[in-house]
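Only one structure is covered here, and it is reproduced in the block below.
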Amino acid sequence: MHPFESAVSASWPPQSWTDCTVLVAVSGGADSVALLRALAAVRISGKGRLIVAHLDHQLRPESDQDASFVRTLAERLGLPAVIDRANVQAVADAAGDGVEAAARAARYEFLQATAQGFGARFVVTAHTADDQIETLLQRILRGTSVAGLSGIPRARQLTPGISLLRPLLSFRRADVEQYLADVEQDFRHDATNDQSHYFRNRLRNELLPLLRSDYLPQVDQSLLRLAAGAADCRDYVESQADQLLDECLLHETLQHVTLDAAKLAAAHSFLATEACVLLWRRRDWSRQAMSREKWLALLTLVAEEESAVIELPGGIRAEKKGEQLTLTPLS
Ligand SMILES: Nc1ncnc2c1ncn2[C@@H]1O[C@H](COP(=O)(O)OP(=O)(O)OP(=O)(O)O)[C@@H](O)[C@H]1O
């Protein structure tokens, strides 16, 4: 076995997915081609069903060639492939979103629906430590929350019963490329990655090399350490917030939630906010327009002596009465 395959096997032991269906998200680029090759190689005696998934975003003239490349690779490995296409530019124009955000949304929607269709237990993507470094630096420079400092998670739930995993998150891009060269595996080259018009690409191709070469040779390790430390911190805060929310929960129905306002007001405002964020997540209420000011407005209401009512973005009515806070979605 190639050392890269052994390392992938150690990072995500094939025993843990022997009896499962795994959907591998393959763009055709180096990282995801290497992940697919390695998973196909480490499967225990061919068990553990791998399915290749590719979404053609139709954003580049050669994108259909990426799709054919992925289809051919899957065939060569004897694996089924699901190839779909989405008119991402049209979706982005209609929604007024950026193209990258629209591509991401379309991709995860496709991956989730395909995984559900095949009864897959895992969806795996090929994010590497280099993606983590770039994501973190980008977030720091553009603005992020404390939780955002934890970067790309190694695992998260996509829907109940389906986990999104990133088995290459601790691997460097250079190791990926060395592996592909060793096994003489070609891959598709995304030409837009070399251009510097996207902020992310400028960060990858200009800023990071500059920092590494002259000023901060340890910048990669520093950013990875920050992400790991922040992830620990986020896990701790989440567990505390979870506990606080359970302690504050007085009554819950499909229509509304009633909390012990005094208990919530007595907690540190950071933890109280996190408990509210968790509640929003559990109830699947929209947090999009819930800015810092809006969470603060909710906590101010909680601490109010008098009865009062406010309306929050996403159509949530918050009413403080006596010692109780009742939250009701209006629609
Ligand atoms: N067109 C695609 N079809 C299937 N999978 C894809 C496609 N593009 C990307 N992926 C998967 O997503 C991973 C990350 O890709 P990339 O870095 O381009 O996306 P991103 O937008 O930076 O990250 P994110 O997945 O968090 O949105 C790839 O390694 C691959 O596993």
Side-chain angles (χ1 to χ4, degrees), residues 8 12 22-40 50-60 62-71 73-74 79-89 91-92 97-115 120 122-139 142 144 148 150-156 158 163-173 175-177 179-180 187-195 198-205 227:
V8 170
W12 191 39
V22 177
L23 194 73
V24 191
V26 182
S27 62
D31 300 342
S32 53
V33 167
L35 176 64
L36 179 63
R37 282 283 313 244
L39 292 181
L50 293 176
I51 297 177
V52 176
H54 174 86
L55 185 68
D56 179 352
H57 298 127
Q58 301 184 87
L59 289 172
R60 290 176 293 121
E62 65 276 21
S63 72
D64 54 339
Q65 291 165 38
D66 295 350
S68 324
F69 173 85
V70 172
R71 181 177 282 114
L73 176 62
L79 300 173
V82 181
I83 316 269
D84 205 349
R85 47 168 52 187
N87 190 342
V88 168
Q89 187 66 59
V91 174
D97 267 351
V99 161
E100 283 168 282
R104 180 174 294 129
R107 188 159 69 241
Y108 280 103
E109 200 178 300
F110 158 71
L111 291 172
Q112 190 172 313
T114 310
F122 297 104
V123 172
V124 292
T125 61
H127 294 84
T128 63
D130 291 76
D131 290 317
Q132 184 70 294
I133 291 161
E134 291 160 15
T135 298
L136 214 65
L137 190 55
Q138 179 170 330
R139 287 187 184 175
R142 279 195 161 163
T144 188
S150 54
I152 306 169
R154 191 185 139 82
R156 74 173 166 87
L158 214 49
S163 299
L164 174 67
L165 278 189
R166 276 103 180 200
L168 297 189
L169 202 55
S170 53
F171 291 66
R172 295 307 302 256
R173 199 168 279 147
D175 298 329
V176 165
E177 283 166 8
Y179 168 58
L180 292 174
F187 54 89
R188 295 289 293 170
H189 186 73
D190 180 349
T192 59
N193 278 344
D194 292 336
Q195 295 160 9
Y198 290 133
F199 180 66
R200 176 63 167 249
N201 293 337
R202 294 196 66 176
L203 202 136
R204 174 187 304 149
N205 299 324

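When a ligand or atom number is given, it counts from 1 through the structure's own listing order.
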Practice item. Would you indicate whether Glu109, at its atom CD, is surrounded by more than 12 heavy atoms from other residues, nucleotides or ligands within a distance under 6.0 Å? Key: no
Check your understanding: Among protein heavy atoms, which lies nearest atom 27 (O) of ligand 1, and at what distance?
Key -> Arg104 NE, 2.4 Å
Check your understanding: Among protein heavy atoms, which sits nearest to atom 28 (C) of ligand 1, and what does the distance come to when rounded to 0.1 Å?
Key -> Ala126 N, 4.0 Å
**Study point:** Working for side chain to side chain contact (heavy atoms under 4.5 Å, CB included), residues Arg173 and Asp31
**Key:** CA-CA 7 Å; Arg173 199 168 279 147; Asp31 300 342; 3.9 Å; yes
Exercise for review: Take Phe69 and Gln65, measure what side chain to side chain contact (heavy atoms under 4.5 Å, CB included) needs, and give me the verdict at the end.
Suggested key: CA-CA 6 Å; Phe69 173 85; Gln65 291 165 38; over 6 Å; no
Review point. What's the shortest heavy-atom distance between Leu203 and Glu134, and which atoms?
Key: CD2-O, 3.7 Å
Point to revise | ligand 1-proximal atoms of Leu35, by part, heavy-atom distance under 4.0 Å | key: neither
Check your understanding: Do any nitrogen or oxygen atoms of Leu111 lie less than 3.5 angstrom from nitrogen or oxygen atoms of ligand 1?
Key -> no
Review point. Tyr108 near ligand 1, heavy-atom distance under 4.0 Å?
Key: yes
**Study point:** Note, Gln58 side chain near Val88 side chain (heavy atom, < 4.5 Å)
**Key:** no
Review point. For ligand 1, is there an N or O atom under 3.5 Å from any N or O atom of Leu55?
Key: yes
**Study point:** Criterion side chain to side chain contact (heavy atoms under 4.5 Å, CB included) on Asp131 and Arg200, from CA distance to verdict
**Key:** CA-CA 10 Å; Asp131 290 317; Arg200 176 63 167 249; 4.2 Å; yes
Check your understanding: Is there a donor-acceptor pair under 3.5 Å between the side chain of Ser163 and the backbone N or O of Leu165?
Key -> no
Revision key, fill the gap. Counting from 1 in the order shown, the ligand 1 atoms closer than 4.0 Å to a non-hydrogen atom of His54 are 1 (N), 3 (N), 4 (C)
Point to revise | Pairwise side-chain contact, Val22 with Trp12, heavy-atom cut-off 4.5 Å (strictly under) | key: yes
Review point. Can you tell which of Ala34, Ala25, Ala106 gets a heavy atom nearest to atom 30 (C) of ligand 1?
Key: Ala25
**Study point:** Minimum-distance protein heavy atom relative to atom 17 (O) of ligand 1
**Key:** Asp131 OD1, 4.2 Å
Check your understanding: Numbering the atoms of ligand 1 from 1, which are under 4.0 Å from a heavy atom of Ala53?
Key -> 4 (C)
Practice item. Just jot down the ligand 1 atoms closer than 4.0 angstrom to any heavy atom of His57, in number order. Key: 1 (N)
Check your understanding: Is His127 in polar range of ligand 1, meaning some N or O pair under 3.5 Å apart?
Key -> yes
**Study point:** Any protein heavy atom nearer than 4.0 Å to atom 1 (N) of ligand 1
**Key:** yes
Review point. N/O of Arg107 under 3.5 Å from N/O of ligand 1, yes or no?
Key: yes
Check your understanding: Can you check side chain to side chain contact (heavy atoms under 4.5 Å, CB included) on Leu73 and Arg188, steps first, answer last?
Key -> CA-CA 11 Å; Leu73 176 62; Arg188 295 289 293 170; over 6 Å; no
